[in-house]
Novice: 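Before I ask anything, here is the structure I am working with.
From a predicted model like this one, the values you see are computed outputs, not experimental measurements.
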Amino acid sequence: QVQLVESGGGLVQPGGSLRLSCAASGSISSIQHMGWYRQAPGKQRELVALLIIGGTTTYADSVKGRFTISRDNAKNTVYLQMNSLKPEDTAIYYCNLGLRSGGYWGQGTQVTVSS
């Protein structure tokens with residue numbers, strides 16, 4: 001059993017910043033990737049940032065230069081630093097943990113960018 005707990009979402013003005021956190025616990029082994037996805041109302045869930053363990057880091061074109069994904073191995077936590085936020089960044093953000101045996105999702109945290 002694996003549990004992902006997200007935090008850090010909220011309401012922010014355009015141009016502001018937020019830092020999302022996702023702490024993993026449980027039977028975690030052989031992590032292959034850690035990533036962030038987002039889904040706006042009526043839209044498809046899309047990849048925001050992906051950290052491939054032992055490999056590369058990938059960002060959606062829409063967030064390149066503004067968002068940064070990172071991790072703290074000691075805390076089993078992955079972060080998403082979001083700067084220069086835009087109204088179009090408004091969505092529910094989900095973290096994803098990819099294990100060799102399968103994938104796990106967090107519950108989602110709401111990010112709203114509005115004046």
Novice: Taking only residues two or more places apart in sequence or in another chain, which ones pass side-chain contact (heavy atoms from CB on, under 4.5 Å) with Ser101?
Specialist: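 If we apply the side-chain contact (heavy atoms from CB on, under 4.5 Å) test to Ser101, skipping adjacent residues, the hits are Leu99.
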Novice: For Glu46, which residues count as a side chain to side chain donor-acceptor pair (under 3.5 Å) partner, sequence neighbours excluded?
Specialist: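 Checked Glu46 against side chain to side chain donor-acceptor pair (under 3.5 Å); matches are Arg38.
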Novice: Which residue pairs pass the disulfide bond (SG atoms under 2.5 Å apart) test when at least one of the two sits in residues 26-85, sequence neighbours left out?
Specialist: none
Novice: Taking only residues two or more places apart in sequence, or in another chain, which ones meet Ser17 in a side chain to side chain donor-acceptor pair (under 3.5 Å)?
Specialist: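 Testing Ser17 for side chain to side chain donor-acceptor pair (under 3.5 Å), a comparison that skips the adjacent residues, returns Asn83.
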Novice: Apart from Trp105 itself, what residues make up its hydrophobic cluster, given side-chain heavy atom links below 4.5 Å?
Specialist: Tyr37, Leu47, Leu50, Ile52, Ile92, Tyr94
Novice: Check whether more than 12 heavy atoms from other residues, nucleotides or ligands sit under 6.0 Å from atom CD of Gln1, and answer yes or no.
Specialist: no
Novice: Kindly write out the residues that satisfy side-chain contact (heavy atoms from CB on, under 4.5 Å) with Ser114, not counting sequence neighbours, or none if the list is empty.
Specialist: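 Partners of Ser114 by the side-chain contact (heavy atoms from CB on, under 4.5 Å) criterion, ordered by chain and then number, come out as Leu11, Thr112.
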Novice: Just jot down the salt bridge (Lys or Arg N to Asp or Glu O under 4.0 Å) partners of Arg66, sequence neighbours excluded, or say none.
Specialist: Asp89
Novice: Locate the shortest heavy-atom distance separating Gly35 from Ile69; write the atom from each residue and the value.
Specialist: CA-CD1, 4.1 Å
Novice: What residues, two or more places apart in sequence or in another chain, satisfy side chain to side chain donor-acceptor pair (under 3.5 Å) together with Arg19?
Specialist: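 Side chain to side chain donor-acceptor pair (under 3.5 Å) list for Arg19, sorted by chain: empty.
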Novice: Taking atom CZ of Arg71 and atom OG1 of Thr57, what is their separation to the nearest 0.5 Å?
Specialist: 9.0 Å
Novice: Side chain of Asn96, backbone of Gly106: donor and acceptor closer than 3.5 Å?
Specialist: no
Novice: Grab the two heavy atoms, one from Val5 and one from Gln107, that are nearest each other, plus how far apart they are.
Specialist: CA-OE1, 3.9 Å
Novice: Just distance, no hydrogens or angles: give the donor-acceptor pairs under 3.5 Å from side chains in residues 22-32, sequence neighbours left out.
Specialist:
from: Ser30; atom 1: OG; to: Arg100; atom 2: NH2; distance (Å): 3.0

Novice: Suppose we screen for side-chain contact (heavy atoms from CB on, under 4.5 Å). Which residues come up paired with Val111, at least two apart in sequence or across chains?
Specialist: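 Counting only residues at least two positions away or on another chain, Val111 forms a side-chain contact (heavy atoms from CB on, under 4.5 Å) with Leu18, Leu20, Met82, Tyr93, Val113.
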Novice: At what distance, to the nearest 0.5 angstrom, does CE of Met34 lie from CG of Leu80?
Specialist: 12.0 Å
Novice: Quick one: ring-ring contact (aromatic ring centres under 6.0 Å, His included) pairs with a partner in residues 46-91, sequence neighbours left out?
Specialist: none
Novice: Sequence neighbours left out, what passes salt bridge (Lys or Arg N to Asp or Glu O under 4.0 Å) with Lys43? Give chain and number order.
Specialist: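 Partners of Lys43 by the salt bridge (Lys or Arg N to Asp or Glu O under 4.0 Å) criterion come out as none, since no residue qualifies.
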